[in-house]
Enquirer: 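Here you go, one structure.
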Number of protein chains: 2
Amino acid sequence: MQITSRFTIAIHVLVAIEYFKDMDRINSDFLAGSTGVNPVIIRTVISRLRSAGLLHTQRGSGGAELARPLSEITFYDIYQAVDSVDAQEGLFHFHERPNPACPVGGHIHQALDDKLALVQTAMEEQMKKITLQDVAADVAQMALQKKEA
Amino acid sequence: MQITSRFTIAIHVLVAIEYFKDMDRINSDFLAGSTGVNPVIIRTVISRLRSAGLLHTQRGSGGAELARPLSEITFYDIYQAVDSVDAQEGLFHFHERPNPACPVGGHIHQALDDKLALVQTAMEEQMKKITLQDVAADVAQMALQKKEA
DNA sequence: CCTAGTTGTAATATACAATATTACAACTAT
DNA sequence: ATAGTTGTAATATTGTATATTACAACTAGG
């Protein structure tokens, strides 16, 4: 089981919106071409990012812009935005019918919850330390090196 | 997207095997009853745990025993054992066709990989710090408290 | 040796979620 | 008005998790 590609798609989209902000025609078709993902998927990912307040969009004329600088958007912000359903239920899917009459089955959930939370928190804390600026800087450097070669 | 319930099932099963080790008839049907999961699923989970060297089983007569003490089996050991396919591919599912001709699409994978690895490593390092002994101790204490009440 | 009970595993079914696709109303700039 | 775009619903397709059935391989005990 893996974290949805919506997460890496969202990062890609946000970095691209900033990278190409001086060009016009940064619409969902362009982003679909850059990511290799269906334009409707792009629009739904953007829709979730907008709900989370990470960017603004405009109907009709097209185009999107970030709500705040790349350095102030963390992986955690994006994860919460595009994977919010599971984010509420937690990272781990617990088996749903442990037997309450069994000494183990009756307490395993309670005994595990705090430990699973430790793991999830460790992941989320690391996500909070990484920003889109870190990604954009590497992309820009790599693109430049390629140009020079 | 969540980490498979096989993970919590495996923890439940291992703790139960140790908890009930002095009783007989700890077969897959009994464990299915304790977890509320199909016995064949129990056997496949156990099969993976056996492949990972975490327990030994016996055909025909039934029964399983841990290969080493609870205190020497970490969440990470179990995660690797029962989620090994995804463990090889990483925690994150990358979108598969970013456009190599695009400055962003052509470098996003390389620019992201090390950062995604940081997140995955943070999760795994926390998993390595938690053992089945921690879980078993809490289960035993809770079962005792319930008995006294 | 034979029988009952069990494990290991394949094959299949069912359920659910992710992604792709089609379609179209709402909207904006020109 | 028109062309192009977003937002979103509806549906299809695909992939994966879990459930279920079936049975060969095996073990212990009579």
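Here is how names work: the chains are called A, B, and so on, in the same order as the sequence lines, proteins then strands, and each is numbered from 1.
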Enquirer: So which protein N/O to nucleotides 12-14 of chain C N/O distances come out below 3.5 Å?
Expert:
none

Enquirer: For the side chain of R43(A), starting at C-beta, report the closest nucleotide among dT21(C), dA19(D), dT8(D).
Expert: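 The nucleotide sitting nearest to the side chain is dT8(D).
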
Enquirer: Main chain of V82(A), side chain of R6(A): is a donor-acceptor contact present, judged purely on distance under 3.5 Å?
Expert: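 It does hold such a pair.
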
Enquirer: Can you check the D29(B) CG to dT20(D) C1' distance for me, whole Å?
Expert: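 So the CG-C1' distance, D29(B) to dT20(D), works out to 13 Å.
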
Enquirer: Taking only the side-chain heavy atoms of T57(B) (C-beta and beyond), determine which of dA19(D), dG8(C), dA20(C) contains the nearest atom.
Expert: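 Looking only at side-chain atoms, T57(B) lies closest to dG8(C).
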
Enquirer: Distances under 3.5 Å between protein N/O atoms and the N/O atoms of nucleotides 27-30 of chain D, please, pair by pair.
Expert:
unit_1  : atom_1 : unit_2 : atom_2 : d
dT27(D) : O4'    : R59(B) : O      : 3.3
dA28(D) : OP1    : Q58(B) : NE2    : 3.4

Enquirer: For the side chain of V37(B), counting heavy atoms from C-beta on, which of dA19(D), dT18(D), dA22(D) is nearest?
Expert: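 The listed nucleotide nearest to V37(B)'s side chain is dA19(D).
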
Enquirer: Answer whether the closest heavy-atom distance between the side chains of S5(B) and F92(A) falls below 4.5 Å.
Expert: no

Enquirer: Strictly by side chain to side chain donor-acceptor pair (under 3.5 Å), give each pair with a member in residues 35-45 of chain A just once, sequence neighbours left out.
Expert: S28(A)-R43(A)

Enquirer: Kindly assign one of parallel, tilted or perpendicular to the pair Y79(A) and F7(A), based on the angle between their ring planes and the thresholds 30° and 60°.
Expert: perpendicular

Enquirer: In whole angstrom, give the distance that lies between atom CD1 of I41(A) and atom P of dT13(D).
Expert: 15 Å

Enquirer: Could you tell me if the side chain of D83(B) sits less than 4.5 Å from the side chain of I3(B), heavy atoms only?
Expert: yes

Enquirer: When the nearest nucleotide of DNA chain C is assigned to H93(B) and to S47(B) on a heavy-atom basis, which residue is associated with the more 5' position?
Expert: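 Comparing both residues, the 5'-ward one is S47(B).
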
Enquirer: Using whole Å, report how far NE2 of H95(B) lies from C1' of dT19(C).
Expert: 13 Å

Enquirer: Using atom CZ of R48(B) as one end and atom P of dA17(D) as the other, report the distance to the nearest whole Å.
Expert: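 It works out to 8 Å between those atoms.
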
Enquirer: Would you say dT18(D) has OP1 or OP2 under 4.0 Å from some side-chain N or O of N38(B)?
Expert: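 For dT18(D), OP1/OP2 do not have a side-chain N/O of N38(B) under 4.0 Å.
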
Enquirer: Let me know the distance between CZ of R6(B) and P of dT16(D), rounded to the nearest Å.
Expert: 11 Å

Enquirer: Yes or no on side chain to side chain donor-acceptor pair (under 3.5 Å) for T8(B) and H95(A), after CA distance, side-chain angles and deciding distance?
Expert: CA-CA 7 Å; T8(B) 58; H95(A) 53 298; 2.9 Å; yes

Enquirer: Is it true that H12(B) and S34(B) share a donor-acceptor pair across their side chains at a distance under 3.5 Å?
Expert: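 Their side chains do contain a donor-acceptor pair, which is all the 3.5 Å distance test asks for.
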
Enquirer: Please state how far atom CZ in F94(B) lies from atom P in dA18(C), giving the value in whole angstrom units.
Expert: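 To the nearest whole Å, that distance equals 19 Å.
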
Enquirer: Could you tell me whether the side chain of D134(B) reaches within less than 4.5 Å of the side chain of K115(A), counting heavy atoms only?
Expert: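 Counting from C-beta outward, K115(A) and D134(B) do come under 4.5 Å.
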
Enquirer: Check this one for me: any side-chain N or O of R97(A) less than 4.0 Å away from OP1 or OP2 of dA19(D)?
Expert: yes

Enquirer: Tell me which nucleotide among dA20(C), dG8(C), dT20(D) gets nearest to the side chain of R50(B).
Expert: dG8(C)

Enquirer: CG of L55(A) versus C1' of dG7(D): gap in Å, rounded?
Expert: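 For the pair L55(A) CG and dG7(D) C1', the rounded distance is 14 Å.
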
Enquirer: Is the shortest heavy-atom distance from the side chain of M123(A) to the side chain of L91(A) under 4.5 Å?
Expert: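 Answer yes - side chains close enough.
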
Enquirer: Nearest to the side chain of S5(A), which nucleotide is it out of dT19(C), dG7(D), dT18(D)?
Expert: dT19(C)

Enquirer: Taking any heavy-atom pair under 4.0 Å as a contact, classify N27(B): base, sugar-phosphate, or nothing.
Expert: sugar-phosphate

Enquirer: The side chain of S28(B) lies closest to which of these nucleotides: dT7(C), dT22(C), dT18(D)?
Expert: dT7(C)

Enquirer: Rounding to an integer number of Å, can you tell me how far F7(A) CZ sits from dT19(C) C1'?
Expert: 18 Å

Enquirer: Given I130(A), which partner from the list Q126(A), Q133(A), M127(A) fulfils the side chain to side chain contact (heavy atoms under 4.5 Å, CB included) test?
Expert: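 The single option meeting the side chain to side chain contact (heavy atoms under 4.5 Å, CB included) with I130(A) is Q126(A).
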
